[in-house]
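When a ligand or atom number is given, it counts from 1 through the structure's own listing order. Position 1 is the first residue of the sequence, and the numbers go up from there.
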Amino acid sequence: MKYVSTRGRAPVLGFADTLLTGLAPDGGLYLPETWPTLRPGDLAAWSDRRYQDIAVDVMAPYVDGAMGATELGELVEQAYSSFDDPAVAPLRELGDGRWMMELFHGPTLAFKDLPLQLVGPLFDRELTKRGERVTVIGATSGDTGSAAIEALRDRDAVEVFIFHPAGRVSEVQRRQMTTVDALNVHNIALEGTFDDCQDMVKSLFADEALRHELHFSAVNSINWARLMAQVVYYVVAAARLAEQGPALSFVVPTGNFGNVFSGWVARRMGAPISGLHVATNRNDILARFFETGTMQIHRVEPTISPSMDIQVSSNLERLLFELYGRDGEAVADLLGEFREAGVVSVPPERLAVAS
Ligand SMILES: *Cc1c(COP(=O)(O)O)cnc(C)c1O
């Protein structure tokens, strides 16, 4: 599989380079050149199949050229062996045709374990193969930091530095991050807010010399591999519930738009998904955008769900690329306008492509 940038001006890469590059050099995000599709009958045949086995079939086309299904299978087994439920992401019936998919059975309880427990081994395998090392740096309000540390601890090819705002992460997550006995894990408690932490990471990335010397890298959700791993549980839900009715509708708590975009990919691959509902807190720029077609930035308001306290959701760019018929130049213009004016509108006929 080849990967293209949403802004159309970056080199086309294979899976392994996409994994290690993260953000494309033209400022865009990588997406597969074409969307693989599920075969008719796949979902019906998968209703009782193990999560891990479905995962291999869903992801194999995306890693094609970088590794085969057998090797992918080994990494997938390794990734989900740390989960405390054999179903990995079990479905519980709530009644009235409603179900809850439990995404908290990983080692840190954050749903981010589902992608990161796989991205950790993928990173390590590719770097070891190349004889390279990277320094992963990140900022966290809790979930990302614990899940990234747990996924990357004790990996020889990776050094991890995570910034968190001192006194502003939950006590459980503070301990999850700072009591890890691994030589490659480094926590920095910063006196300030999450935004100060993020600014620190950004300024480190902006230091070209340091960036090259230490091979900075990131494992946030702009990384395609994370989204790819999340597509799996939407397909699994569709397979498990195939007999319940014609199509499913998902409600997805949303921050950076990574999780819900993975649901969009599952639908694009042919999973019977009739609706994807973006749930937000008071920071509702996305809800307003999908209702009106206008994206207007407000100030970030802190809430009790800090992972969703976001105004500019990076992964929305991937959906815009699809809404604009994969025209990278149009996406670059639109985002340029948004950055300058703080507001931008998408015509209804484009937005309709999303629904
Ligand atoms: C990361 C996270 C989100 C946001 O997910 P996105 O993929 O960024 O939209 C929402 N809730 C919790 C608890 C999270 O950890």
Is the backbone of V219 close enough, under 3.5 Å, to the side chain of R226 for a donor and an acceptor to pair up by distance? yes
Mind checking whether P253 has an N or O less than 3.5 Å away from an N or O of ligand 1? no
Considering only heavy atoms of D143, which atoms of ligand 1 have at least one such atom less than 4.0 Å away? 12 (C), 13 (C), 14 (C), 15 (O)
For atom 11 (N) of ligand 1, what is the nearest protein heavy atom, given as residue, atom name and distance? S307 CB, 3.9 Å
Among protein heavy atoms, which sits nearest to atom 6 (P) of ligand 1, and what does the distance come to when rounded to 0.1 Å? N256 N, 3.5 Å
Compute both the distance and the angle, then confirm whether R168 meets the cation-pi test with F194: under 6.0 Å from the six-membered ring centre, within 45 degrees of the axis. no
Heavy-atom pair of closest approach, residues W46 and V58: CZ3-CG2, 4.1 Å
Protein heavy atom at shortest distance from atom 7 (O) of ligand 1: N259 N, 2.8 Å
Measure the acute angle between the ring planes of F261 and F257, then classify it against the limits of 30° and 60° as parallel, tilted or perpendicular. tilted
Contact atoms of ligand 1, heavy-atom distance to G258 under 4.0 Å: 6 (P), 7 (O), 9 (O)
Using heavy-atom distances only, which candidate in S305, G255, S314 approaches atom 9 (O) of ligand 1 most closely? G255
Of all the heavy-atom pairs spanning Y62 and M1, show the shortest one and how long it is. O-CB, 3.7 Å
Closer than 4.0 Å to some heavy atom of K112 - which atoms of ligand 1 meet that? 1 (C), 2 (C), 3 (C), 14 (C), 15 (O)
Can E93 and R98 be counted as an ion pair, charged N to O under 4.0 angstrom? no
Which bit of F257 is near ligand 1, meaning a heavy atom under 4.0 Å away: side chain, backbone, both or neither? backbone
Could you tell me, atom by atom, which parts of ligand 1 come under 4.0 Å of a heavy atom of T254? 9 (O)
Is the shortest distance from a Lys or Arg side-chain nitrogen in E329 or R7 to a carboxylate oxygen in the other one below 4.0 Å? no
Do S221 and ligand 1 have an N or O pair less than 3.5 Å apart? no
Looking only at heavy atoms, the pair that brings R49 and D57 closest together is NH1-OD2, 3.2 Å
Mark up the atoms of ligand 1 that fall under 4.0 Å of a heavy atom belonging to M308, in ascending order. 10 (C)
